[in-house]
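Report on one structure; see the data block that follows.
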Amino acid sequence: MKPVPPRLTRSPGQRPGVAIVHLGLGAFFRAHGALYIAEAMTASGGDWGIVGVSLKSPSTRDKLAPQDFAYTALELAPEGAHVQTVEVIQDVLVAPEDPHRVLARMADPETRIVTLTVTEKGYCHEPATGRLNMAHPDIVHDLADVPPMSAPGFLVRALQARRAAGLRPFTVLTCDNLPENGRLVRGLVLDMARAIDPALAEWIAVEGRFPSTMVDRIVPATKPEDIETVTRLTGRLDAAPVVHEPFRQWVVEDDFVDGIRPDLEASGATLVGHVLPYEHMKLRCLNGTHSSLAYLGYLAGYETIADTVADPLLARYVKRLWAEEILPVLTPPPGEDLAAYVDALFLRYANPGIRHRTWQIAMDGSQKLPQRILGTLRENLAAGRATPGLNLAVAGWMRYVGGVDEKGQEIDVKDPLASQLRELSDGAEGTDKAKALLGVRTIFPADLADAMEAGVVAAYERLLTLGVRGALEELEGS
Ligand code: CS2
């Protein structure tokens, strides 16, 4: 019998004080923001330890606690794997178990920044308008009652407690793939605060800071074989390693409460005055094509993005999307060469070490389409340019949320609107399914739905008649 390797533990030594609370402790933050913050401390010192908060499940805490919250980051490059141990997380709280403890930690004078990766749907907003969804059950609960359940609720109630204690607010630093994410969260927090206490809203509006950020690193869900790789490379058992590609980028608006923040430049982040051009570049070039490839790749039978772009037909499709439909309506950030950016992106997708499932990226499309695809579509339509590639992507999403793939197999669709979308699709026949889905106003504003209809319905019809491959071949011939 092979001996069981020892469990990963934290190295002895001093622990930094905690100044950051992170809401939504998923793999992405542990493979991205946490590394930047850890490296900033190594380079420039400071007490920037992190307390992670899981808003739903205890599973990450349960895996990390026995290893004293240390974990391994496994980098998978085409040329090989590389590991490092990360020790920046000091504790993990599980909000539903003890929400008061989470609030107390956020309201602690030592806490300077609250970072978030709660995914698009965690903001409880309407994707089409960017406003707080006042009818969302968690928001209804959080307006009526303390302790809260939602991310906006925790932010507002903790800021309320800080104000009551005469403290400065913390900086809210969102790291989710949303357009103008800082501005968006500020708006949601103010919407909620206004409904609770207008004076609180006023204080947050004046004193609070919500820098926008562009975050980028491909971090697929950790698989059992990744855990085995980590054990092989380190000789230790880690119940919760994270897996990532070599590339990473973090562009942050330099607007923090009292200017207090870790030395993020020291770890390679870019601090700027305006993030928007970087966000547009990343959300539209990367996430827009990620989603397009996820829907069409899934329907074509591919398990991962790397498998999808290994098919020359889909590789040509994504290159065409960039060249003909995405780059023409994009303003490059200062000094950025967009053609080189998308060439590098293609190589990142093709990295055979990164097994990023199309199914994972296809999740929550109702929350993702507006910022990833619909903005680009709208701007092309305004310029009088056709968007046959993006129309196919939207039609692919429609086929996907219809819940049955091209072989007639059920799809396990994960989306907060999954049942509504399925009902709309099931309630219509043929291309009327596409028209019914275009009627979902929380995704497609009326004017855009009208302008898109002819193109998307035609693309949907081609997918029904020819299947993904046939429709892509026809697109190439056009
Ligand atoms: C992906 C992103 O799951 C998804 O929807 O498109 O998580 C993507 O991998 C990251 O944004 C890359 O930075």
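Whatever order the structure lists ligands and atoms in, that order sets their numbers, starting from 1.
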- Item | Test item: Arg316 and Glu476 side chains (from C-beta on) under 4.5 Å apart, heavy atoms | yes

- Item | Partners meeting salt bridge (charged side-chain N to carboxylate O under 4.0 Å, His left out) with Glu474 (sequence neighbours left out) | Arg462

- Tell me, which pairs form a side-chain hydrogen bond (donor to acceptor under 3.5 Å, both in side chains) where one or both residues lie in residues 360-370, sequence neighbours left out? Lys121-Asp364, Ser366-Asp415

- Just by modelled atom types, is the Ala239 backbone N or O under 3.5 Å from a matching donor or acceptor in the Gln67 side chain? yes

So what's ligand 1 close to, N/O to N/O, under 3.5 Å?
residue  : atom   : partner : partner atom : Å
ligand 1 : 5 (O)  : Lys368  : NZ           : 2.8
ligand 1 : 5 (O)  : Arg372  : NH1          : 3.0
ligand 1 : 5 (O)  : Arg372  : NH2          : 2.9
ligand 1 : 6 (O)  : Asn287  : ND2          : 3.1
ligand 1 : 6 (O)  : His290  : ND1          : 2.7
ligand 1 : 6 (O)  : Arg372  : NH1          : 3.1
ligand 1 : 11 (O) : Asn177  : ND2          : 2.8
ligand 1 : 11 (O) : Lys282  : NZ           : 2.6
ligand 1 : 11 (O) : Asn287  : ND2          : 3.0
ligand 1 : 13 (O) : Asp216  : OD1          : 2.6
ligand 1 : 13 (O) : Arg217  : N            : 3.0
ligand 1 : 13 (O) : Arg217  : O            : 3.3
ligand 1 : 13 (O) : Lys282  : NZ           : 3.1

- Message: Please verify the inter-ring angle class for His290 with His356; under 30° counts as parallel, over 60° as perpendicular, anything in between as tilted.
- Response: perpendicular

- Message: Just to verify, what does Lys414 make a salt bridge (charged side-chain N to carboxylate O under 4.0 Å, His left out) with, not counting sequence neighbours?
- Response: Asp412

